[in-house]
Amino acid sequence: MIPRGLCSAKWHLDRIYLRTLGSLTGSGYSLMVLNKAKYGPMWVTHAGPQTHVNLASAPLLEQVMRQEGKYPVRNDMELWKEHRDQQGLAYGPFTTEGHHWYQLRHALNQRMLKPSEAALYTDALNEVVDDFMAHLSQLLAESPSGNQVSDMAHQFYYFALEAICYILFEKRIGCLERPIPQDTVAFVRSVGLMFQNSVYVTFLPKWTRPLLPFWKRYLDGWNTIFSFGKKLIDQKLKEIETQLQTKGPDEVEISGYLHFLLTRGQLSTREAMGSLPELLLAGVDTTSNTMTWALYHLSKNPEIQAALHKEVVGVVPPGQVPQQKDFAHMPLLKAVLKETLRLYPVVPINSRVITEKEIEVNGFLFPKNTQFVFCHYVVSRDPDIFPEPESFQPYRWLRKSQLAAPGVHHAFGSVPFGYGVRACLGRRIAELEMQLLLSRLIQQYQVVLAPETGEVKSLARIVLVPNKKAQSFQATARVSDGKGEKVAAGPGDRRNPAHFL
Ligand code: HEM
């Protein structure tokens, strides 16, 4: 039996809960589909003393989102806050609310939120993409068959961590090096530790904390995450100080995001130390899983992949490196990412608590502080909005295209980055990062599923991840000699078929 409160609005914690449930059932979200079939697009669940109003249709999501106030509230993030309180740390964008959240977002939005601001990081991201491509090529060459890479999801994870660290802290942390530096390994381990142990501490009563190991492990995980961030911020502060001493305040050039936040009085050091680790956590699984799913579907759909390759090399010929301006001419690339996020919304359930006023939804009046749960996973697979919702059809996003699938889109049918002033802070960075990497992969490799690979199912593991055991890809490197593409054989030759496992 599946416990009530499955669809509770604890944005972070329930996704962890669903991880447990997901591993038991194969897919925790099927319950939402069943609930919608049974009760319609709106139903109530209870989790302890809390009542949640679940919404599973695009018009209902729209009604709530459009009525959110100046300071939208997702949920209380109590467990995260407990750690910050114990350690005397400032709250970050996930943990803070109200006017303080507003001010914090105002500071953090700069140099991050707009596409033109994200574009400032193109060179930095391309540097990481270059290293990733070299790393991949090396892994292929070194594999026993000369053409295999094991666990692409893992490789994407390290790519995403390297990329977001470089953007946020302006430091490379060696994720694509060998061996990976010890403190980077410790950081990755501590993220796992923190998430795994949150499952237990969420459901165990507080009195068990001194008796069982979970609470301590949970706090230890967080502490390592924050000390990793602190070390990087301290390094940056030292650099700034040295520059100030040698050059004087007017001559110091703002180098990147952290430098900007710290020197333009946007954030105090304490606020930066509280916020940046939260941004870092938000920026890894999200993009890496989306990349894994995109590659999976492209490998299953060779004709879409071929069309994408044609589009990419039509704009950026082999040997050249994509730039942000190029993506304006790559509608299919964008559509592939949109379709991937429709099928696997990284945040499959989200929520809003409307604290400021009563609101009317679906003809009913709800009191202040009602917790609404957005069932994005169900909505983005609604056949009324997306015909043949289970199939991967990026052309559905290209309305003017002849290949565009028929169907009536609803603006709130797929909102993978959320909505409004509390929407994803890293959206533009994430999009750019994924576009730069995916275009380069497709420019250089042809990816297919390995014959032994079965259907890959989604597993609710904090974000929707592929069931790795069933995940196996093959790829053929594309090489151009200027007269057209060639495929050649021979161990270590990048034109060999390569397996991404
Ligand atoms: C595929 C990539 C990503 C997806 C799909 C995604 C999705 C989301 C969603 C759905 C939310 C909640 C929005 C809402 O409640 O309306 C969110 C919040 C957030 N995301 Fe992302 N995200 C991605 C990547 C990133 C990256 C790379 C960063 C790093 C800068 C980031 C930072 C944040 C932060 C800080 C918040 C909290 C914002 C707030 O509460 O004010 N995200 N994201």
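In listed order, ligands and their atoms are each counted from 1. Both backbone and side-chain heavy atoms feed into the values below; hydrogens, waters and symmetry mates do not.
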Participant: Side chain, backbone, both or neither: which part of E278 comes within less than 4.0 Å of ligand 1 when only heavy atoms are counted?
Facilitator: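 The answer is neither.
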Participant: With heavy atoms only and a cut-off of under 4.0 Å, state how L108 meets ligand 1: side chain, backbone, both or neither.
Facilitator: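 Near ligand 1, L108 shows nothing, with every heavy atom at 4.0 Å or more.
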Participant: Thinking salt bridges, do E97 and K81 make one under a 4.0 Å N-O criterion?
Facilitator: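 No salt bridge links E97 with K81.
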Participant: What atoms of ligand 1 come within less than 4.0 Å of a heavy atom belonging to G418?
Facilitator: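 Answer, ordered by atom number: 10 (C), 13 (C), 14 (C), 16 (O).
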Participant: Minimum heavy-atom separation for A56 and V379, please, with both atom names.
Facilitator: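 Where A56 meets V379 most closely, the heavy atoms are C-CG2, 3.4 Å.
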Participant: Around atom NZ of K230, are there more than 12 heavy atoms from other residues, nucleotides or ligands closer than 6.0 Å?
Facilitator: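 Check fails, neighbour count at 12 or below.
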Participant: Should the proximity of W101 to ligand 1, defined as any heavy atom under 4.0 Å, be assigned to the side chain, the backbone, both, or neither?
Facilitator: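 Just the side chain.
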Participant: Identify whether NZ of Lys or CZ of Arg in R342 sits under 6.0 Å from the centre of the six-membered ring of F386 and within 45° of that ring's axis.
Facilitator: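 Verdict for F386: a cation-pi partner in R342.
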Participant: Using the test side-chain contact (heavy atoms from CB on, under 4.5 Å), find all partners of P93 that sit at least two apart in sequence or belong to another chain.
Facilitator: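 P93: side-chain contact (heavy atoms from CB on, under 4.5 Å) contacts with L104, L108, S275, E278, L279.
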Participant: Answer yes or no on whether K70 is positioned over the face of Y102, meaning its NZ or CZ is under 6.0 Å from the six-membered ring centre and within 45° of the axis.
Facilitator: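 Pair K70/Y102 counts as cation-pi.
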Participant: Just to be sure I read this right, does ligand 1 sit under 4.0 Å from the backbone of R352, its side chain, both, or neither, counting only heavy atoms?
Facilitator: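 Contact part for R352 vs ligand 1: side chain (C-beta onward).
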Participant: Please identify which atoms of ligand 1 are closer than 4.0 Å to at least one heavy atom of G283.
Facilitator: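 Close to G283: 26 (C), 27 (C), 28 (C).
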Participant: For Y157, which residues count as a ring-ring contact (aromatic ring centres under 6.0 Å, His included) partner, sequence neighbours excluded?
Facilitator: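 With sequence neighbours excluded, Y157 shows a ring-ring contact (aromatic ring centres under 6.0 Å, His included) to no residue whatsoever.
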Participant: Using a strict cut-off of 4.0 Å, indicate which atoms of ligand 1 neighbour a heavy atom of P93.
Facilitator: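 It comes down to these atoms of ligand 1: 35 (C), 39 (C), 40 (O).
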Participant: With rounding to the nearest 0.5 angstrom, report the CZ to CG distance, R111 to L113.
Facilitator: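 Going from the CZ atom of R111 to the CG atom of L113 covers 14.5 Å.
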Participant: Measuring from non-hydrogen atoms of I429 to any atom of ligand 1, is the shortest distance under 4.0 Å?
Facilitator: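 No, I429 has no heavy atom closer than 4.0 Å to ligand 1.
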Participant: Which option wins on minimum heavy-atom distance to atom 10 (C) of ligand 1: G426, C424, P416?
Facilitator: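 Selected option, by shortest heavy-atom distance: P416.
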Participant: Nearest heavy-atom pair of Q323 and N126: which atoms, and what distance?
Facilitator: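 Nearest pair, atom of Q323 first, then N126: NE2-ND2, 3.8 Å.
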Participant: Polar contacts were defined as any N/O atom of the residue lying under 3.5 Å from an N/O atom of the ligand; does this apply to T286 and ligand 1?
Facilitator: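 Among all N and O atoms of T286, none is under 3.5 Å from an N or O of ligand 1.
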Participant: Could you list the atoms of ligand 1 found under 4.0 angstrom from a heavy atom of V347?
Facilitator: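 Here the atoms of ligand 1 in question are 9 (C), 10 (C).
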Participant: Using heavy-atom distances only, which candidate in E97, M434, M77, R74 approaches atom 40 (O) of ligand 1 most closely?
Facilitator: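 Minimum heavy-atom distance to atom 40 (O) of ligand 1 goes to R74.
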Participant: In ligand 1, which numbered atoms sit nearer than 4.0 Å to a non-hydrogen atom of N350?
Facilitator: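 By the 4.0 Å cutoff, the relevant atoms are 12 (C), 13 (C), 14 (C), 15 (O), 16 (O).
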Participant: Parallel under 30°, tilted from 30 to 60°, perpendicular over 60°: which one fits the rings of Y218 and W222?
Facilitator: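 Perpendicular: the ring planes of Y218 and W222 meet at over 60°.
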Participant: Is the closest N or O pair between T287 and ligand 1 shorter than 3.5 Å?
Facilitator: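 The answer is no, given that T287 and ligand 1 share no N or O pair closer than 3.5 Å.
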Participant: List ligand 1 atoms under 4.0 Å from L279, heavy atoms only on the residue side.
Facilitator: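 In order of number, 29 (C), 35 (C).
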Participant: Can we call the ring centroids of F372 and F366 under 6.0 Å apart?
Facilitator: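 Ring centroids of F372 and F366 are less than 6.0 Å from each other.
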Participant: Heavy-atom distances under 4.0 Å are what count here, so tell me which part of E433 touches ligand 1: side chain, backbone, both or neither.
Facilitator: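 It is neither part, as no heavy atom is under 4.0 Å.
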Participant: Please list, in number order, the atoms of ligand 1 under 4.0 Å from a heavy atom of T290.
Facilitator: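 Every atom of ligand 1 under 4.0 Å from some heavy atom of T290: 1 (C).
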Participant: Enumerate the atoms of ligand 1 whose separation from the nearest heavy atom of Y419 is less than 4.0 angstrom.
Facilitator: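 Taking each heavy atom of Y419 in turn, ligand 1 has 16 (O) under 4.0 Å.
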Participant: Should one rank Y102, F94, F374 by closest heavy-atom distance to atom 37 (C) of ligand 1, which comes out on top?
Facilitator: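 Result: the heavy atom closest to atom 37 (C) of ligand 1 is in F94.
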Participant: Test the R172-Y166 pair against the cation-pi criterion, namely NZ or CZ under 6.0 angstrom from the six-membered ring centroid and within 45° of the ring axis.
Facilitator: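 Yes, cation above the ring, under 6.0 Å and within 45°.
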